[in-house]
K.L.:
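I'd like to ask some things about the structure below.
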Amino acid sequence: MFNTCILVGRIIDDSSSEEGKAMTHVIIETDRPFREATGKMESDRFYVSLWKGAAQQCHELCHPGDIVAIRGRMISKVEMKDNVPFYTCQLVGENVSFPHRVMN
C-alpha cells in the first residue's frame, strides 16, 4: 500500500499557527493544470495539519502568500448525513520545504 501526497502551493491561512504548539494547521491553495471553458484558471484549497518540528518550522518561516512544498499522507474521515456517507480528506504534512526562501 502507498499513501504519499505532495502539494506545492501558496499559504492562504495560517491563523492557527502559534509559537511553541506541537500542532498547527495551514490552508494551501494550488492551481489546477487546466482552464475552465470560460478561460478562467481554477484553484483548490487544502487543509494541512503539521506536527512538532514541521509545525514549528512553518510557524517561524511561513506567512500567508508564501509558497511552500509539503510532502505527507492523506487521511480520510466518513460522516453520515441523512444516511448518506460524506467523505473528507486532509493532508498530514511530514516534510515542509520553502522554495520562496533562498538558502545559502
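Throughout, residue positions are numbered sequentially from 1 according to the sequence presented. Heavy-atom basis, side chains included; hydrogens, waters and symmetry copies ignored.
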K.L.:
To the closest 0.5 Å, what do you measure between CZ (F2) and OG1 (T4)?
P.N.:
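Spacing of CZ (F2) from OG1 (T4) equals 4.0 Å.
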
K.L.:
Hey, does V68 have a side-chain heavy atom less than 4.5 Å from the side chain of F98?
P.N.:
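F98 vs V68: side chains touch.
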
K.L.:
Would you confirm whether N3, through its side chain, and M74, through its main-chain N or O, come within 3.5 Å as a donor-acceptor pair?
P.N.:
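It does hold such a pair.
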
K.L.:
Side-chain contact test, heavy atoms from C-beta onward, threshold under 4.5 Å: evaluate it for L50 versus V26 and give yes or no.
P.N.:
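Yes - at least one pair of side-chain heavy atoms lies under 4.5 Å apart.
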
K.L.:
Indicate yes or no for a side-chain donor-acceptor contact from R45 to the backbone of I28 under 3.5 Å, with no hydrogens or angles considered.
P.N.:
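Such a contact is absent between R45 side chain and I28 backbone.
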
K.L.:
Would you check, one step at a time, whether the test side-chain contact (heavy atoms from CB on, under 4.5 Å) holds for F46 with T30?
P.N.:
CA-CA 8 Å; F46 297 94; T30 63; 3.3 Å; yes

K.L.:
Are R71 and E94 close enough, and set up right, to give a salt bridge (charged side-chain N to carboxylate O under 4.0 Å, His left out), and what steps lead you there?
P.N.:
CA-CA 6 Å; R71 181 185 51 80; E94 296 169 348; 3.5 Å; yes

K.L.:
Could you grab the distance from atom SG of C58 to atom CD1 of I11, nearest 0.5 Å is fine?
P.N.:
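It is 4.5 Å, given to the nearest 0.5 Å.
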
K.L.:
Do S49 and Q90 have side chains that get closer than 4.5 Å, going by heavy atoms?
P.N.:
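The answer is yes; the side chains approach within 4.5 Å.
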
K.L.:
Taking the side chain as every heavy atom from C-beta outward, state whether D13 and P64 have any atom pair closer than 4.5 Å.
P.N.:
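Side-chain contact under 4.5 Å: no.
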
K.L.:
Taking the side chain as C-beta and beyond, is there a heavy-atom pair between V8 and I67 under 4.5 Å?
P.N.:
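A side-chain contact under 4.5 Å exists here.
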
K.L.:
Which residues satisfy the side-chain contact (heavy atoms from CB on, under 4.5 Å) test with E36, sequence neighbours excluded?
P.N.:
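Residues passing side-chain contact (heavy atoms from CB on, under 4.5 Å) with E36: R32, F34, T38, E42.
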
K.L.:
Any non-hydrogen side-chain atom of Y87 less than 4.5 Å from a side-chain atom of V78?
P.N.:
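Yes - at least one pair of side-chain heavy atoms lies under 4.5 Å apart.
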
K.L.:
Closest approach of A69 and P99, non-hydrogen atoms and distance?
P.N.:
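A69 and P99 have their closest heavy atoms at N-CD, 3.9 Å.
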
K.L.:
Determine whether Y47 and L91 satisfy the following criterion, side-chain contact (heavy atoms from CB on, under 4.5 Å), listing intermediate values before the conclusion.
P.N.:
CA-CA 7 Å; Y47 186 81; L91 178 70; over 6 Å; no

K.L.:
Roughly how far, to the nearest 0.5 Å, is NZ of K77 from SG of C89?
P.N.:
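These two atoms lie 10.5 Å from each other.
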
K.L.:
Going from CZ on R10 to CD1 on I12, what distance comes out if it is rounded to the nearest 0.5 angstrom?
P.N.:
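Here the interatomic distance stands at 10.5 Å.
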
K.L.:
Closest heavy-atom contact between P85 and M80?
P.N.:
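Closest pair (atom of P85, atom of M80, distance): CA-SD, 3.6 Å.
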
